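Some notes on the structure that comes next.
Residue indices begin at 1 and follow the sequence shown. As the structure is a computational prediction, the values presented were derived from the model and not from experiment.
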Amino acid sequence: MAAVAGIVASFVGPAIELGKVIVAPIKRQFNYLCCFASNIQSLKDEAEKLDNARAGLQLRVDTAENNVEVILPEVVSWLTRANENQIIISAIEAEIPNVKKDFLSMKLRFLLTRKAKKTTEAIKKLRGECIFNLISQPAPPPATGSIQIGETYEFETRKKIVEDIMEALRGGEVNMLGICGMGGVGKTTMAKRIMKRARAEDLFDEILMVVVSQPVDMSKIQLEIAESLDLKLEVESLPARAHKLNARLMGTKRTLVVLDDVWEILKLEELGIPCESGVKGCKILLTSRNRDVFDAMNVRKDFGLQILLEEEAWFLFREKVGTCVDDMHLVSIAREVARECKGLPIALVTVGRALKDKKTKFIWEDALQQLKSSNATHVLAEVYKPLKLSYDLLDNRHAKDVFLLCSLFPEDANISLECLTWYLLGLGMFEGIRNLKETRNKVYTLVELLKSRFLLLDGDDEHHVKMHDVVRDVVIFIASQKRLVDPNFNSIDWWLEHSYSDCNWTSVFLIERLQLPIVLEVPNLRLLLIHNGPFSSEIEMHDQFFEVMEKLNVLSLTNISFKAEALQLPKNLKALNLEGCTLESVSVVGQLLNLQILRCHSCNLITELPTEIGRLIHLRLLDFSDCTSLKRVAPGILSSLVRLEELKMIGSFQEWEADKNGKERRNASLNELQYLSNLTCLEIEIADCALAAEDIRLSSKIVKYDIRFKRLCGTSFYKTFMSLKWPREISLGNWIHILLRNTEHLYLEGNGSSNLDLAQVQNMKNFYFGGCWTVKKLVNTKSIDWRFGVFPVLESLKLAELPNLEEICDGPIEAGSNCFNNLKELEISYLPALMYLWNSQSQNVSLRNLTSIKVRRCDKLRNLFPLKMAKDGFLQLKRLEISSCEMMEEVFSNDGEEGHITFPKLENLSLVDLPSLITFCKGIEGIEYPVLWEMEIDRCSKLTSFVSSTGNSSSLAGHSDECLHFFCNQKVTFGSLQILIIKRYENISNLWCHKIPPGFFSKLVGLEITDCGRIRSLFTSSIAADLVNLIGLEIWDCSEMHIMEMDPSVKTRLESLTLRSLPNLVNFSGWGCALELPSLMEVTIYDCSRMESFTMGSLTAPKLESIDIQRCDKLHNLFLLTMAKNGLLQLKSLNVTHCKSIEEVFFNANENDGKRHITFPKLEIMKLYDLPSLTTFHKGIESIEFPLLTEMDINRCPKLTGFATSSGNNSRVADQDDDSFHLLCNQKVTFGSLNELSIDGYENISNLWCHQIPPTGFFNKLEELYIRNCGRISSLFTSSIAANLVNLKKLSIIHCSEMVKVIGDEEETLSENSPIFPSLQRLFLISLPNLVIFCGRRCALQLPSLMTVCIQDCHWMESFTMGSLTTPNLEDIKIDNIENEGIEDLNGATQLWFREKHQRDQESTQIEKEQEESNKEDGKHLKVETEEEESKQARNL
């Protein structure tokens, strides 16, 4: 049984297990049918829960996205899956109504319930995953490429300020703008951005920036402005330099002057910067930390620059710190660090660089803790903390020393790395450093480290750096905490009051005169810098000044006066720098036995190098450069300086002598230099050329040198420089040959140069050769080693005044050899014998790097290069200038080549005075100039086409149609021509031929035509239609031109039009319809004697700002009245001079148009000069307004007595019964802002002011009044008019022959306390022969502001006034060129002068009478003597 049971069990067990496997799925499928309703309900319940979870999460996502945060990928994935499930649920719900209880719906019921069940389970799982503590993170900043401009970043908060400033610069209303904000906020950066934009938009011809800083150094500012303008200031006084600068800035060029870092009120007038509102052309942009400065300087518009917004600051910070902040563990703390920088760009940049790529969290936490806990002064609190951290994070203590040392230089100084080298060597900062070279290398390395952390900025060149002024303030504070400097070290009070300090370093940079203390008690001081400005007052130093400075190691004095022989210098000095000091001897330095650096630069009273210097055996640097009076260096001094590494004497001693074999010498010899085995730098001048033949063994360590035979002005910027000026041939010593091997810059001049084998000078980069009459070949290539080539690294070759030079290379040049391959600049001039540059047959030269070619006065050159060279080589050429080469026939010679030439980078082409030039190249198919934008052709009378078929040159020279064919030949393409200048084509009657393709000149912006005498019409209609982008048009000296033919239908961008010396020009446009010039801003017309009108029809020029017309004798008026009414709303300057026929400025073709009023809303300057026929501004107008007119000059316009007259009434105006001047008394003419008034040449007017002048306010803004040649005026002012001139500052009355009184004596009611001319400062009365008195009224005359009075040739002036006179500020009285010093009473001075003159006149009359009587007596005696002599002669006969 057991066995049976076992057998049964063996079957039943598996059967039961099989049943379980089969039954469970069947049961599940059955449940789908039975539990349809419950499954669907469960789905709906879970769907509602899922929807709530999805909605809640989506709300969080929306909030994060609104804060511009990035949603985490897992959150996005969950929402995607939730949305997909929602779609499935909706599909199931849509099928439920289709499920019925009959048998036919069983399959659908089964499928739907099964799907519902599975979806429910999936939803439960999905809801379980919806647990997100963090759903997003801050968005990374946008790509920098889209917002970076140079090295700055564009932020939304600053875009508006930039655009507002640019708009103000484009307009003409404001000439002085300001940017203000705290230090380091980005004012200078924004100013530079403005300069860049202004330069890109061509708003100004000259743009310059000068750092003002503090204290203000007026001389330095003037010099920097002058240097930027290429202006030489040879005068020394501030006013004289200001006058010259003002004249330069008031010239024709548009100038933007940026004055950066203005700390206090700057008197621009004293600097010479024109700042008046009416000044044209010069605009000023200032930056300052103080808005009050702008208010005091009358800055019209200023823009406050705030710190960056938090997101902007974060973007800038992230850019500097790198991608490490993208780490989820660091992003929050990094944002806190950025917030601690308070949005200040300089702080964000410096801290960001200090933490760059730091990925360890504790470093960030430590940084944040330091930012929050550092104690800074209240002034620097927001800036000090981040900069202090940057300093602390420097892991190089020497870098910290260099950083602190830089703070001793003045704000915005160009810090010399050479000075840092000397100072650090003198302080002994670097252990283990053995020489100057190692010290210099260390300094440069540390500076690069500091620059990479943005603690230092780039200087003007690679040898200088700068420090931001805010950074400097913080560094000074850090240094003071370390007791290195006194925080007030650079204040004058510190020198006057501080008798003791324990600081280690200090410097002072002086501007004003200062009396230094007798003794400065700073016993721990190790470094002292005292700098006096070059134009400051002389500062004297007492002999005992250094008595209590035993530890002083480094001393630098600039422009200080003292007697060195009496000065008690500290014995521990290791570095002594004396620059521009007035001392005659430096013998005292012989006691400084530890001295390593001795520099006496520009000490022009030193005549001799004292023998005591020979004791300085530790000396490493000896620099006596630019000591122009240094004539003697005693023998043996230099050879004693065995440790000397650098000797610099350029611009001073040059009387080196030859070694005389034991004979006594007066000066040092070059042989002494061979004892200086450590010498690495040698800079000397040698007067005696024969010394080049000396046999000298210089130190093999010399790597930098500047050797000059004969003095050569200027400073070399090359590491190795040699100047050889030899009048005769000299055998060169081996030392010259050795140095020449490594010379980078060689200046060779004189006949002796022909003895030099230039092929051996292989490292030369710049070569100038001139003034040699003997050389015929520059370099011999017949026996050259082609492995090295000829001039393989030469970049610049300049040859001048070599009258017998026939060719550059004497011998062949192998193809592929390294000859002239690196040449970038080629300039040759005055080479009359040169027939070719390189022989095309045997000299294979590749000039693929050549960028500039300038050829002048090479009369035998028939061409420059062979065509093959042009086709293969000139890929980098940007500039080609050829001038005054008489025999040049073509630029490139063709020996049978065919095809095209392309100059892919040529931008400037100038061909001047080439009388034989026929074509650019003969026999080629075409030339392409794809980027040529400027072309000048002048005095090339035979050049009419750029390409020509072989053999047809003669036909080109004499085209039957007398046209220029530059542009009509389709084989020549100018893809980008913008500026075209054509001059002196006397034989051409048509500039443009009919074959020029349409659109050829579509990019032209500037066109100048000069001295093309046979041209009658400038444009054809097709050419005019192309000039849609023309901005500037200048036509000069075209004697036959009578019309321009500007098509009125063409809408051009013309902004500036100049027409000069066109004697036959009748009209600018001969069309009888309206001419529109919507962009025209400036019109200048001179010497167009036949011009009758500007255009035959009306003219529309809504942007016209300046009109200047001179010597146009047939011009009757300027423009139609409609233009004045509708089109001159921007006019600022009107100047009409020497036009004999002009009767009215504006002419009305339709006198019944019903408009009788004109306004010139922006006119500021109006000058009408020598217009004998001018009667009125317009005959038919009734009223005119000049609301902004500040300057009016009316000179020699005798018929002009009114600006506004009714039609037909001009004769009545011209002949007023009362002989009054009615320009100013017509109430229908208003001058709202008149500041300067000049009236000249009205001989027929007896009264300047008529009775119709309004009693008050008419001249209340007038500051300067100039009256000249008004012969019939006897009294200039009534008392009421004088009293109303409340702002008059300058009054000049000249050559008014009938004037008796300036202020009349008529009865008027005036307050006794009301001063006449209350603001008058300067008074000039000149050549008034009948003037008796200034004021003819018996009243108390008060002139409270009067400072200067000049009276000249007023012979009958007995007194200044009839009553009392008050002049409290009177400083200068000059009568007939005699200064009345010490006389403050103007009345008394006038009366005294009159009495003395009357007495002198009486004495002179008496002397004349006595002389006459004496002459009569002498005549009688002579007659008697003559008669006696005649009688004697008769008796003798």
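Contacts of Lys437 classified as side chain to side chain contact (heavy atoms under 4.5 Å, CB included), with partners at least two apart in sequence or in another chain: Asn435, Asn441. Applying the side chain to side chain contact (heavy atoms under 4.5 Å, CB included) test to Arg879 and every residue at least two apart in sequence or in another chain returns Ser852, Lys854, Glu881, Asn908. Applying the ring pair (Phe, Tyr, Trp, His ring centres under 6.0 Å) test to Phe892 and every residue at least two apart in sequence or in another chain returns Phe874, Phe903, Phe920. Listed by chain and number, the residues in a side-chain hydrogen bond (donor to acceptor under 3.5 Å, both in side chains) with Arg862 are Glu889 (sequence neighbours excluded). Partners of Trp933 according to the ring pair (Phe, Tyr, Trp, His ring centres under 6.0 Å) rule, which considers only residues two or more places apart in sequence or in another chain, do not exist here.
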Checklist entry - Do His464 and Asp461 pass the side chain to side chain donor-acceptor pair (under 3.5 Å) test, and can you show the C-alpha distance, the side-chain angles, and the key distance before you say yes or no? => result CA-CA 6 Å; His464 293 81; Asp461 54 49; 2.9 Å; yes

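Residue Ile707 comes nearest to Leu739 through the heavy atom pair CG1-CD1, 4.0 Å, listed as atom of the first residue, atom of the second, then distance. The two residues Val447 and Leu420 have their closest heavy-atom pair at CG2-CD1, 4.5 Å. Smallest separation of non-hydrogen atoms from Thr421 and Leu436: CG2-CD2, 4.1 Å. Summarising the geometry of Lys648 relative to Glu418, their closest heavy-atom pair is NZ-OE2, 4.1 Å, with the distance given to 0.1 Å.
Ring planes of His463 and Tyr444: perpendicular class, angle over 60° (limits at 30 and 60°). In this pair, Phe820 and Phe791 present their aromatic rings perpendicular. The plane angle is above 60°, beyond the 30 to 60° band.
Counting heavy atoms from C-beta on, the side chains of Leu826 and Leu847 never come closer than 4.5 Å. For the pair Leu748 and Leu758, the minimum side-chain heavy-atom distance is below 4.5 Å.
Here the options are Glu744, Glu645, Glu683, Glu646, the test is salt bridge (charged side-chain N to carboxylate O under 4.0 Å, His left out), and the partner is Lys704; only Glu683 passes.
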Using atom types as modelled, flag every donor-acceptor pair under 3.5 Å from a side chain in residues 802-813 to any protein atom, sequence neighbours excluded.
residue : atom : partner : partner atom : Å
Asn804  : ND2  : Trp773  : O            : 2.5
Glu806  : OE1  : Lys777  : NZ           : 3.4
Glu807  : OE1  : Tyr836  : OH           : 2.9
Glu807  : OE2  : Lys777  : NZ           : 2.6

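Surrounding NZ of Lys983 are more than 12 heavy atoms belonging to other residues, nucleotides or ligands, all under 6.0 Å away.
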